[in-house]
Amino acid sequence: MTAMNSVLLSKPDLFSFKECLWFLDRNYDECLHHIDRNNNGISKAILLNDAEYVFSVSDSDKDLLVNIEHGKTGKKNIDMLSAYVREWFDMDRDLKLFYELLRQHKKLRYMATDFAGLRLMGIADLYETLCWCIIGQQINLSFAYKLKRRLVETYGMQIKTKESSYFIFPTPETLAQVSEEALRGLQFSRQKADYIIYISKVFSEGNMSKKKLLTLKTTEERKATLISLKGIGVWTANYALMKTLRDPDCIPYGDIGLLNALSGHGLIKDRKDTRSIEKLFGKFEGWKSYLVFYLWRSLAVPSFQTK
DNA sequence: ATCCAGGGGTCAC
DNA sequence: GTGACCCATGGA
């Protein structure tokens, strides 16, 4: 029997909370969650149905413990947060087939062991994902995280609990009203500032949403709809479909990290070797997004770093 | 100083 | 549809 402010989620097979946490804490200055290494857990603030919550997820043997730290409690709310966590950690997917495919590949089979249980960590909110992509376009990740922190701490909602302080990503309504100059003051380039403000207007005026995108049936239609927006190119569209809509077969073509991982494994000759890329991913039908994610994970393995 | 970083837009062919 | 070129900004 659990209290009304917490619930246990049973871990699926091939699930490692530790691996997932590692990804969420890979030495970058992430401003949208707090990792607690001592307690082996993570906490985060979110907005659900216009209500704010701070919740934590921690390891509890064969389960994950989800606890409401701040906000409305009760069964309905804890159920909603449970669903959020299951989605975030991609807990409802059976990775068995993916691991079978990995083990069939000489150069990649080590991943099934070394990264065992790593899940494709999602970003629930489409608007946040697109903003994050725009921020990250063509700059190094540590600077991208800096820009995101400035944006979030300047325009996001802050929630203070006894233990800590949390931020929620700014709303499109807020950022639609921000001036280009203000964002440039945060060291956004003119281009990034324009894209962010434009996307914010599109979302705040109701012309784009995750729900809207989900009404489109095919991946290609969804991709094309995203790309029709200024600032959203092939890379961003694929990234968003992969992280937010959880499309199983999206490859962010052109991604520098992906290319580095592929060449680090000796899987491609150069960045334009699209034939080899197609050939490799062709073997991972239904799991292309997962393969991309695992290749990103491999970038932290010293022997596969290109520098 | 120079090159690079989890791209995107534009324009010419 | 492909390729060349420009755009910005901090980090190494």
Side-chain angles (χ1 to χ4, degrees), chain A residues 22-32 115 118 120-123 126 128-151 154 179-202 208 220 223-245 247 250-265 267-268 270-275 277-278 280-281 288-302 304-307:
Chain A
W22 179 89
F23 177 82
L24 293 171
D25 189 33
R26 350 155 250 173
N27 292 322
Y28 290 114
D29 182 28
E30 174 61 60
C31 59
L32 294 176
F115 309 152
L118 173 65
L120 200 168
M121 300 306 297
I123 303 174
L126 179 63
E128 178 188 327
T129 305
L130 295 180
C131 289
W132 172 231
C133 284
I134 290 165
I135 290 170
Q137 285 165 4
Q138 194 59 18
I139 59 173
N140 63 69
L141 270 180
S142 28
F143 181 47
Y145 276 98
K146 273 189 196 170
L147 289 180
K148 182 165 95 167
R149 177 177 287 281
R150 286 179 195 149
L151 188 72
T154 307
S179 70
E180 180 193 298
E181 292 71 29
L183 291 183
R184 295 214 64 190
L186 303 181
Q187 285 177 286
F188 280 64
S189 65
R190 178 180 307 264
Q191 210 170 29
K192 286 190 197 301
D194 286 346
Y195 292 163
I196 294 278
I197 293 165
Y198 164 72
I199 294 292
S200 301
K201 285 178 179 161
V202 171
M208 176 61 66
E220 290 315 309
K223 213 176 282 190
T225 303
L226 287 173
I227 290 175
S228 73
L229 303 176
K230 216 177 190 64
I232 310 296
V234 174
W235 177 81
T236 300
N238 279 299
Y239 184 96
L241 289 181
M242 167 181 161
K243 297 274 281 188
T244 302
L245 273 66
D247 189 301
C250 280
I251 307 170
Y253 290 100
D255 181 86
I256 193 67
L258 175 60
L259 293 172
N260 284 343
L262 289 170
S263 67
H265 284 80
L267 294 165
I268 54 170
D270 56 68
R271 290 183 181 185
K272 292 184 178 176
D273 189 2
T274 52
R275 186 163 296 173
I277 299 178
E278 292 298 336
L280 170 66
F281 279 96
K288 294 177 183 176
S289 302
Y290 253 91
L291 180 56
V292 169
F293 196 71
Y294 271 52
L295 285 165
W296 281 339
R297 169 66 179 86
S298 76
L299 290 169
V301 180
F304 289 114
Q305 282 175 355
T306 50
K307 289 182 205 173

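Chain letters run A, B, ... following the sequence lines, proteins first, then strands; residues in each count from 1. Side chains are part of it too, since the values below use all heavy atoms of this structure and drop only hydrogens, waters and symmetry mates.
Rounded to whole Å, the separation between the P atoms of B:dG8 and C:dG11 comes to 22 Å.
Partner A:Y28 forms a ring pair (Phe, Tyr, Trp, His ring centres under 6.0 Å) with one of A:F23, A:W22, A:W132, A:Y145 and no other, that one being A:Y145.
Heavy atoms of A:L186 sit nowhere under 4.0 angstrom from any nucleic acid atom. Among the atoms of the strands shown, base atoms are found under 4.0 Å from some heavy atom of A:R26. Residue contacts for A:I232: at a heavy-atom cut-off of 4.0 Å it reaches the sugar-phosphate backbone alone, with no base atom in range.
Distance, A:I196 CD1 to B:dG7 C1': 13 Å, rounded to whole Å. Atom NZ of A:K192 and atom P of B:dA5 are 14 Å apart (whole Å). Taking atom OH of A:Y28 as the reference point, atom P of B:dA5 lies 12 Å away to the nearest angstrom. Atom pair A:N260:CG and B:dC3:C1' shows a separation of 14 Å (rounding to whole Å applied). Atom-to-atom, OH of A:Y253 to C1' of B:dG8 comes out at 18 Å; the value is rounded to the nearest Å.
The side-chain hydrogen bond (donor to acceptor under 3.5 Å, both in side chains) check on A:N140 picks up A:S142, with sequence neighbours excluded. For the salt bridge (Lys or Arg N to Asp or Glu O under 4.0 Å) test, no residue two or more places apart in sequence or in another chain qualifies with A:R184. In this view, A:T244 and A:T129 satisfy the side-chain hydrogen bond (donor to acceptor under 3.5 Å, both in side chains) rule, not counting sequence neighbours. A:E181 is linked by a side-chain hydrogen bond (donor to acceptor under 3.5 Å, both in side chains) to nothing, counting only residues two or more places apart in sequence or in another chain.
Position along DNA chain B of the nearest nucleotide to A:D255 versus A:Y195 favours A:D255 as the more 5'-ward residue.
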So if I define the base as every atom that isn't primed, P, OP1 or OP2, how would nucleotides 7-12 of chain C read as a B/S/- string at a heavy-atom cutoff under 4.0 Å? BBBBS-
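The salt bridge (charged side-chain N to carboxylate O under 4.0 Å, His left out) analysis of residues 138-150 of chain A, with sequence neighbours excluded, yields the pairs A:D29-A:R149, A:E30-A:K148, A:R149-A:E153.
Between A:K230 and B:dT10, a side-chain N or O to OP1/OP2 separation shorter than 4.0 Å is present.
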